[in-house]
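Okay, so here's the structure we're looking at.
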Amino acid sequence: MNESKKNIVVYCSSRENIPQAHKDCAARLGEWIGKSGNAMVYGGVHAGLMSITAQATHDNGGKVIGVIPKMFLYRRSELNDELITTEDLNDRKARMIELGDVYVVLPGGIGTLDEWIATLSHNISAGSYKKLVIVNLDGIFDWQMKQIAETAASPFAHGDVMCRMVEVKNAQEMIEQLEILTQEDC
């Protein structure tokens with residue numbers, strides 16, 4: 001296994017009934033993480049896009065780090081090379097943010113949106129310019145991106161919010177951005 005260069009935090013769906021294009025994108029991400037010698041940090045469970053990305057990372061020689069709350073230990077994945085147990089979901093989120101060098105937001109539900117906004121907010125508060133790669137596959141995050149842009153342009157938010165995120169529309173753009181971001185000093 002390659003020595004890890006960066007921790008790539010992946011936020012995504014744990015649901016099973018996901019369109020194939022989304023599964024393919026998750027697999028491409030995991031393949032890239034593994035082959036590039038980076039590590040994947042994720043929610044640690046064996047489900048949905050989480051599992052697909054972890055499997056592809058593992059299959060391509062990458063390190064898989066699961067961060068899982070005690071209440072979900074029964075769902076933990078056997079693919080985890082390292083398992084970090086937390087008290088609850090908020091602790092998990094904080095630990096994942098702390099571990100991350102780059103964050104990837106794949107399609108997901110409310111939990112994914114919560115992780116995205118919490119990471120963005122934390123990075124702004126901490127003065128960190130660690131990037132979030134927002135994979136807006138099939139326009140799933142169009143409304144969220146619009147809302148964040150409008151809020152960023154308002155007097156209620158910092159003007160540099162948008163430069164902390166990179167929006168991509170497909171797996172190829174995602175990989176291209178990750179290649180760039182993992183070469184930069186975070």
Side-chain angles (χ1 to χ4, degrees), residues 6-15 18-33 36 38-43 47-54 56-57 65 67 89 92-154 156-186:
K6 302 278 185 184
N7 284 339
I8 312 299
V9 174
V10 180
Y11 300 133
C12 61
S13 179
S14 63
R15 296 290 184 182
I18 303 293
Q20 189 62 45
H22 298 253
K23 292 177 184 178
D24 294 344
C25 186
R28 285 272 315 270
L29 174 59
E31 177 184 5
W32 178 84
I33 292 170
S36 65
N38 293 294
M40 176 186 175
V41 177
Y42 77 122
L49 296 182
M50 287 187 187
S51 187
I52 291 168
T53 311
T57 299
I65 303 168
V67 183
L89 287 167
R92 176 178 84 171
K93 190 170 33 183
R95 185 73 172 123
M96 290 173 73
I97 291 169
E98 175 186 309
L99 289 169
D101 295 308
V102 176
Y103 309 86
V104 178
V105 181
L106 292 175
I110 299 301
T112 301
L113 295 176
D114 177 47
E115 291 163 336
W116 169 8
I117 298 304
T119 302
L120 182 61
S121 179
H122 174 273
N123 287 352
I124 291 167
S125 298
S128 170
Y129 279 85
K130 294 179 182 178
K131 297 286 187 179
L132 286 89
V133 178
I134 311 303
V135 185
N136 194 6
L137 196 61
D138 297 329
I140 192 165
F141 294 134
D142 282 350
W143 287 105
Q144 289 82 6
M145 291 300 294
K146 182 177 184 206
Q147 179 64 54
I148 293 169
E150 287 181 12
T151 301
S154 78
F156 302 106
H158 293 278
D160 64 352
V161 170
M162 299 309 288
C163 71
R164 295 166 192 266
M165 298 183 296
V166 178
E167 180 183 7
V168 298
K169 302 286 186 177
N170 57 54
Q172 184 58 40
E173 289 179 8
M174 173 185 66
I175 300 302
E176 289 168 4
Q177 285 301 314
L178 288 168
E179 288 284 346
I180 295 165
L181 294 172
T182 55
Q183 298 305 312
E184 296 176 355
D185 290 330
C186 292

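Predicted, not measured: the structure shown is a model, and the values here were computed from it.
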Could you check whether any side-chain heavy atom of T182 comes within less than 4.5 Å of a side-chain heavy atom of D101, counting everything from C-beta outward? no
In short, N123 meets K130 closest at the heavy-atom pair ND2-O, 3.4 Å
Validation row: I148, L120 side chains within 4.5 angstrom (heavy atoms): yes
What's the separation between atom OG in S36 and atom CD in E31, rounded to the nearest 0.5 Å? 10.5 Å
Taking every heavy atom of A27 against every heavy atom of A56, the minimum-distance pair comes out as O-CB, 3.4 Å
Please lay out, stage by stage, how N136 and D142 fare under the test side-chain contact (heavy atoms from CB on, under 4.5 Å). CA-CA 7 Å; N136 194 6; D142 282 350; 2.7 Å; yes
What is the minimum heavy-atom distance between A39 and I33, and which atoms define it? C-CG2, 3.7 Å
Give, for atom CD1 of I18 and atom SG of C25, the distance between the pair rounded to the nearest 0.5 Å. 12.0 Å
Any side-chain heavy-atom pair from T119 and H122 closer than 4.5 angstrom? no
Using the side chain to side chain contact (heavy atoms under 4.5 Å, CB included) rule, pick out the option among V10, L181, V105 that qualifies with V133. L181
Taking only residues two or more places apart in sequence, or in another chain, which ones meet E98 in a salt bridge (charged side-chain N to carboxylate O under 4.0 Å, His left out)? R95
Spacing of I124 atom CD1 and D160 atom CG [to the nearest 0.5 Å]: 6.5 Å
Considering only residues two or more places apart or on different chains, which pairs with a residue in residues 115-127 satisfy salt bridge (charged side-chain N to carboxylate O under 4.0 Å, His left out)? R92-E115
Does R164 reach the main-chain N or O of S128 with its side chain, forming a donor-acceptor pair under 3.5 Å? yes
Side-chain (K131) to main-chain (C163) donor-acceptor, under 3.5 angstrom: yes
CD1 on I117 to CG on L132, rounded to 0.5 Å: 8.5 Å
How many angstroms lie between atom CE of M50 and atom CZ of R15, to the nearest 0.5 angstrom? 11.0 Å
Counting C-beta onward and ignoring hydrogens, is there a side-chain heavy-atom pair between E167 and E173 closer than 4.5 Å? no
If I compare all heavy atoms of Y103 with all of Y11, which pair ends up nearest, and what's the gap? CD2-OH, 3.9 Å
Check whether any side-chain heavy atom of L137 sits under 4.5 Å from a side-chain heavy atom of K169, and report yes or no. no
Step-by-step side-chain contact (heavy atoms from CB on, under 4.5 Å) determination, W32 to I8: CA-CA 11 Å; W32 178 84; I8 312 299; 4.3 Å; yes
I want to check something: taking the side chain as every heavy atom from C-beta on, are L29 and L178 in contact at a cut-off of under 4.5 Å? yes
Rounded to the nearest 0.5 Å, how far does CE of M96 lie from CD1 of I65? 10.5 Å
Nearest heavy-atom approach of L106 to T112 is O-CG2, 3.5 Å
Minimum heavy-atom distance between R28 and A171, given as atom pair plus value: NH1-CB, 3.9 Å
Do T151 and V161 have side chains that approach each other closer than 4.5 Å (heavy atoms only, starting at C-beta)? no
